[in-house]
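Following: one structure in structure tokens, then a few remarks.
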Protein chains: 2
Amino acid sequence: MRFSKQRELIQHIVQGTNSHPTAYWIFNKAKKKISNISMGTVYRNLNKLNNDGVIKIFYDNNIARYDWNTVAHDHLKCNKCGKITDINMHTKELQKKVWNQYKFEADNIEITISGICNNH
Amino acid sequence: MRFSKQRELIQHIVQGTNSHPTAYWIFNKAKKKISNISMGTVYRNLNKLNNDGVIKIFYDNNIARYDWNTVAHDHLKCNKCGKITDINMHTKELQKKVWNQYKFEADNIEITISGICNNH
DNA sequence: AATATAAATAGTAATAATTCCTATTACTGT
DNA sequence: ACAGTAATAGGAATTATTACTATTTATATT
Ligand SMILES: [Mn+2]
Ligand SMILES: [Mn+2]
Ligand SMILES: [Zn+2]
Ligand SMILES: [Zn+2]
């Protein structure tokens, strides 16, 4: 993979926030440094970085969000303030259970819990 | 809520399959009975039925799927054949854990597990 | 340093998924 | 039967994402 300052910037933006940003948020942030950057470039590079395991993509209802934290973990989403927080459920146990009960070879477990966070 | 034959048909379609269909699949099925039905009508009524607790909506990556089974349960998605199967994890425990550890009031827990099903 | 190459980008068009708008329709009470 | 009104239907609009292509840029080779 060839170097590109666009991809480097996009990676830095994702790695510089805990907010689990959307592509559009990243695009707007990137524009401040590279004013003519395009959405196509943002999406192309986010997917590339995800495929390389540099960042992680996940879906919040029907929109993609990007996460610098590539270690398996889960999320709490507050319905009041929209904040998405990292949590850790031990999914290894679920993985085993699913194999024992359903003979299903799980390679990805996503748990998204929505509700009301401790700020309210 | 006023009666409409469109909504009745949409409800019947969702309740008549275990395939966790998308809006588009439901739309195509509905067209066979009401040829001029529109996507807007399909979405509006699916959301209405979901809000009334008649059916349940969930998201498979970035697209909505609809489920006649309104009792809390989770899903296995096969990456080879695309089949989505119902499973039961005890989310009550997770709910408690999240409250104890993070003081987060969970009102919805969605677990989607992807991998390879026992047909392969 | 100049050149060749192949990959990446910008800009735009296309597609897919969903929501919004407004004329029409159907339930309710007279 | 009729009027009033709120819900509905269909299509237009919006949003999110991907595809296309001429141009630019990084890197390897001379
Ligand atoms: Mn995270
Ligand atoms: Mn189900
Ligand atoms: Zn909150
Ligand atoms: Zn399968």
Side-chain angles (χ1 to χ4, degrees), chain A residues 1-14 17 19-52 54-67 77 79 82 84 110 112 114, chain B residues 1-14 17 19-67 75 77 82 84 110 112:
Chain A
M1 185 159 49
R2 224 172 67 175
F3 169 87
S4 98
K5 67 178 200 288
Q6 286 86 347
R7 181 163 53 248
E8 192 175 56
L9 173 60
I10 289 163
Q11 180 176 338
H12 257 86
I13 290 171
V14 174
T17 181
S19 70
H20 304 92
T22 64
Y24 186 66
W25 188 93
I26 294 161
F27 169 66
N28 279 311
K29 205 117 208 268
K31 270 207 297 202
K32 289 170 186 168
K33 295 265 180 189
I34 301 174
S35 61
N36 68 333
I37 199 168
S38 70
M39 267 306 234
T41 299
V42 171
Y43 274 109
R44 186 166 11 80
N45 283 303
L46 286 169
N47 285 329
K48 212 164 277 189
L49 291 166
N50 176 63
N51 290 336
D52 285 12
V54 177
I55 64 170
K56 212 159 179 282
I57 189 173
F58 72 95
Y59 292 90
D60 169 22
N61 288 347
N62 56 343
I63 78 159
R65 289 184 177 274
Y66 302 87
D67 201 330
K77 173 165 190 191
N79 291 330
I84 296 173
E110 297 249 332
T112 304
S114 56
Chain B
M1 184 160 48
R2 240 171 56 180
F3 170 85
S4 98
K5 67 177 201 288
Q6 286 87 347
R7 182 164 54 247
E8 191 174 57
L9 172 60
I10 288 163
Q11 181 176 337
H12 257 87
I13 290 171
V14 175
T17 181
S19 69
H20 303 91
T22 64
Y24 186 65
W25 188 94
I26 295 161
F27 168 67
N28 280 311
K29 205 117 208 267
K31 270 207 297 199
K32 289 170 185 169
K33 296 265 179 190
I34 301 174
S35 63
N36 68 335
I37 199 169
S38 72
M39 270 304 240
T41 300
V42 172
Y43 273 107
R44 187 172 5 83
N45 284 304
L46 286 169
N47 285 330
K48 212 163 277 191
L49 291 166
N50 176 62
N51 291 335
D52 285 13
V54 177
I55 65 170
K56 210 158 180 282
I57 189 173
F58 72 95
Y59 289 90
D60 168 22
N61 285 347
N62 55 344
I63 77 160
R65 290 184 176 274
Y66 301 88
D67 201 330
H75 295 107
K77 173 165 191 194
I84 296 173
E110 298 248 332
T112 303

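Per chain, numbering begins at 1; letters A, B, ... match sequence-line order. These figures come from a predicted structure and were not determined experimentally.
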Exercise. Just wondering, more than 12 heavy atoms not from Lys29(B) lying within 6.0 Å of its NZ?
Worked result: no
Exercise. Checking Arg65(A) side chain against His20(A) main chain: does a donor-acceptor pair fall under 3.5 Å?
Worked result: yes
Seminar exercise, completed: Closest non-hydrogen atoms of Tyr66(A) and Ala23(A), given as atom of the first, atom of the second and distance, are CE1-N, 3.8 Å
For this session: Determine the contact category for Tyr24(B): base if any of its heavy atoms lies under 4.0 Å from a base atom, sugar-phosphate if only primed atoms, P, OP1 or OP2 are that close, otherwise nothing.
Result: nothing
For this session: Please state how far atom CD1 in Ile63(A) lies from atom C1' in dT14(D), giving the value in whole angstrom units.
Result: 14 Å
Problem set entry | Shortest non-hydrogen contact from Arg7(B) toward Lys48(B) | NH1-CD, 3.6 Å
Problem set entry | Between His75(B) and Asp67(B), a side-chain donor and acceptor under 3.5 Å | yes
For this session: Tell me which residues in residues 31-55 of chain B put a heavy atom below 4.0 Å from DNA chain D, sorted by number, or none.
Result: Asn36(B), Ile37(B), Ser38(B), Gly40(B), Thr41(B), Arg44(B), Asn45(B), Lys48(B)
For this session: Walking along DNA chain C from 5' to 3', note the first and the last nucleotide with an atom under 4.0 Å from a heavy atom of chain A, and give both.
Result: dA6(C) to dT18(C)
For this session: Indicate the atoms forming the closest heavy-atom contact of Ile57(B) with Glu110(B), along with that distance.
Result: O-OE2, 4.3 Å
Seminar exercise, completed: Whole-Å distance, Trp25(A) CH2 to dA16(D) P, equals 16 Å
Seminar exercise, completed: note: Asn61(A), atom CG; dT15(D), atom C1'; distance rounded to Å ~ 15 Å
Seminar exercise, completed: For Asn62(B) and Asn62(A), the nearest pair of non-hydrogen atoms, with its separation, is O-CB, 3.4 Å
Exercise. What heavy-atom pair brings Ala30(A) and Leu9(A) nearest, and what distance separates the two atoms?
Worked result: O-CD2, 3.7 Å
Exercise. Looking across every strand, which nucleic acid part, if any, lies under 4.0 Å from Ala64(B) by heavy atom: base, sugar-phosphate, or nothing?
Worked result: sugar-phosphate
Problem set entry | Ile34(A) side chain reached by Asn36(A) side chain, heavy atoms, under 4.5 Å | yes
Exercise. Could you state the CD1-P distance from Ile26(A) to dT17(D), rounded to the nearest angstrom?
Worked result: 10 Å
Problem set entry | Interatomic distance, Ile10(B) CD1 vs dA9(D) C1' [rounded to whole Å] | 10 Å
Exercise. Say you draw a straight line from OG1 of Thr41(A) to CD1 of Ile10(A); how long is it, rounded to the nearest 0.5 Å?
Worked result: 6.5 Å
Show the distances under 3.5 angstrom between N or O atoms of the protein and N or O atoms of nucleotides 22-25 of chain D.
unit_1  : atom_1 : unit_2  : atom_2 : d
dT25(D) : O2     : Arg2(A) : NH1    : 2.8
dT25(D) : O2     : Arg2(A) : NH2    : 3.1

For this session: Locate the shortest heavy-atom distance separating Ile37(B) from Phe27(B); write the atom from each residue and the value.
Result: O-CE1, 3.2 Å
